[in-house]
Q: 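Attaching a single structure in structure tokens format; questions to follow.
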Amino acid sequence: MGDLLLVRHGETPWALSGQHTSWTDIPLTDNGREQARRLAPLVGTYRIGAAFTSPRGRARETAELAGFADARVDEDLREWEYGAYEGLTTVEIHRTRPDWYLFTDGVAPGPPEHPGESPDQVGERADRMLAKVDAALANNEGSVVLFAHSHFLRVLAARRLGLPTSGGSMFLLATGTVSRLSTEHGRPVVAGWNVRPH
């Protein structure tokens, strides 16, 4: 069976400022586009059997610039919905909730159309996505690559490794990087993390 490659989208203005970005479709910066282009030869070293992308423009553009314009759009790859914390930085949130931590506390409720997600809800979504990954890997056509977002991919990695959703806090992800989850003796392992193209 192939590996699972996790690609965080390229840099955006809100990634630079540290603002929580879920449904707001912030475009890539010029540097973010260059980061995405530089991913092509790195991801291209793997035989890819299936590619999936978040529906958000920043992830779709990253997939396209990395050579995967035909990546299948999947709603389950969208970023953790931040509810009332959309557009805020952690520093701003800590002014009213000094002990707040996303991976254990979730978010404050947002508007009806974007109420936010609890850690358990994000974990369930990651598990659904992993079931789709496993179905693709079972075809033995190569590795699977996912183009998505920092907090969601961190949760997905934790769930792949048998950890609770809160375990995603241990996996820092920079923009424009590739991380690889593989197996050893039939058990999931981290084979590479936060790798930037040379």
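Positions are given from 1 along the sequence.
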Q: At their closest point, which heavy atom of Gly167 faces which heavy atom of Ala158, and how far apart are they?
A: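 Of all heavy-atom pairs spanning Gly167 and Ala158, the closest is C-CB, 3.7 Å.
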Q: Once rounded to the nearest 0.5 Å, what's the spacing between atom CZ of Arg38 and atom NE2 of His198?
A: 12.0 Å
Q: What's the spacing between Thr62 OG1 and Leu28 CG if we round to 0.5 Å?
A: 4.5 Å
Q: Are any non-hydrogen side-chain atoms of Ser179 and Leu173 less than 4.5 angstrom apart?
A: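 SC-SC contact between Ser179 and Leu173 confirmed.
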Q: Between the side chains of Glu86 and Thr24, is a donor N or O closer than 3.5 angstrom to an acceptor N or O?
A: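 On atom types as modelled, these side chains qualify, holding a pair under 3.5 Å.
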Q: Under the side-chain contact (heavy atoms from CB on, under 4.5 Å) test against Val144, which residue among Leu6, Val133, Asn139 passes?
A: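 Passing option: Val133.
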Q: Which heavy atom of Val107 sits nearest a heavy atom of Leu102, and at what distance?
A: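 Nearest heavy atoms, Val107 then Leu102: CG1-CD1, 3.7 Å.
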Q: List for me each residue that meets side-chain hydrogen bond (donor to acceptor under 3.5 Å, both in side chains) alongside Ser182, sequence neighbours excluded, and say none if there are none.
A: Asp3
Q: If you apply the rule salt bridge (Lys or Arg N to Asp or Glu O under 4.0 Å), what do you find for Arg125 with Asp74, and how did you get there?
A: CA-CA 11 Å; Arg125 188 153 52 84; Asp74 196 302; over 6 Å; no
Q: According to salt bridge (charged side-chain N to carboxylate O under 4.0 Å, His left out), who are the partners of Arg196, at least two apart in sequence or on a separate chain?
A: none
Q: Would you indicate whether the side-chain heavy atoms of His20 and Ile93 approach each other to under 4.5 Å?
A: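 SC-SC contact between Ile93 and His20 confirmed.
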Q: Should Tyr85 and Tyr101 be counted in the same cluster of Ile, Leu, Val, Met, Phe, Trp and Tyr side chains packed under 4.5 Å apart?
A: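 Yes, same cluster.
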Q: After noting the C-alpha distance and the side-chain angles of Val122 and Arg159, does the key distance pass the side-chain contact (heavy atoms from CB on, under 4.5 Å) rule?
A: CA-CA 10 Å; Val122 178; Arg159 299 300 301 142; over 6 Å; no
Q: Please confirm whether Phe103 and His151 have ring centers closer than 6.0 angstrom.
A: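 Centroid distance Phe103-His151: below 6.0 Å, so yes.
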Q: Could you report the tightest heavy-atom contact between Ala157 and Trp193, atom names first, then the distance?
A: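 Between these two residues, the closest heavy atoms are CB-CH2, 3.7 Å.
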Q: Side-chain heavy atoms nearer than 4.5 Å, only ILVMFWY residues, links allowed to pass through others: does that put Leu163 and Val189 together?
A: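 No, separate clusters.
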Q: Scan Glu61, Arg72, Arg60, Glu64 and name whichever one has a side-chain contact (heavy atoms from CB on, under 4.5 Å) with Thr53.
A: Arg60
Q: Specify the closest pair of heavy atoms between Arg56 and Ser22, including all atoms of both residues, with the distance to one decimal.
A: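 Reported closest heavy-atom pair: NE-O, 3.4 Å.
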Q: Identify the two heavy atoms, one from Pro13 and one from Pro27, that lie closest to each other, and give their separation to 0.1 Å.
A: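 Between these two residues, the closest heavy atoms are CD-O, 3.3 Å.
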Q: Do Leu137 and Met129 share a hydrophobic cluster (ILVMFWY, side-chain heavy atoms under 4.5 Å, transitive)?
A: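 Yes.
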Q: If two hydrophobic side chains count as joined below 4.5 Å and joins carry through other members, does Trp80 share a cluster with Trp23?
A: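 No, Trp80 does not connect to Trp23 through the hydrophobic network.
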Q: Search all heavy atoms of Leu65 against all heavy atoms of Ala36 and return the closest pair with its distance.
A: CB-CB, 3.7 Å
Q: How long is the span from the NE2 atom in His149 to the OG1 atom in Thr175, to the nearest 0.5 Å?
A: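 His149 atom NE2 to Thr175 atom OG1 measures 13.0 Å (nearest 0.5 Å).
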Q: I need the Leu181 CG to Phe171 CZ distance, nearest 0.5 Å.
A: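 If we round to the nearest 0.5 Å, Leu181:CG and Phe171:CZ are 8.0 Å apart.
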Q: Supply the atom-to-atom distance Asp120 CG to Thr165 OG1, rounded to the nearest 0.5 angstrom.
A: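 Separation between the atoms: 6.0 Å.
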Q: Using side-chain heavy atoms (C-beta onward) and a distance below 4.5 Å, is Thr90 in contact with Trp100?
A: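 Yes - at least one pair of side-chain heavy atoms lies under 4.5 Å apart.
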Q: Ile48: which other cluster members, linking ILVMFWY side chains closer than 4.5 Å, directly or transitively?
A: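 Other cluster members: Leu5, Val7, Leu39, Leu42, Val43, Tyr46, Phe68, Val145, Phe147, Val178, Val195.
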Q: Using side-chain contact (heavy atoms from CB on, under 4.5 Å), reason through Glu79 and His9 one step at a time and then give a plain yes or no.
A: CA-CA 11 Å; Glu79 180 60 297; His9 63 74; over 6 Å; no
Q: Rounded to the nearest 0.5 Å, what separation is found between the CG atom of Asp127 and the CZ atom of Arg160?
A: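 It comes to 10.5 Å.
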Q: Is there a path from Tyr82 to Trp14 through hydrophobic residues (I, L, V, M, F, W, Y) whose side chains come within less than 4.5 Å of each other?
A: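 No, separate clusters.
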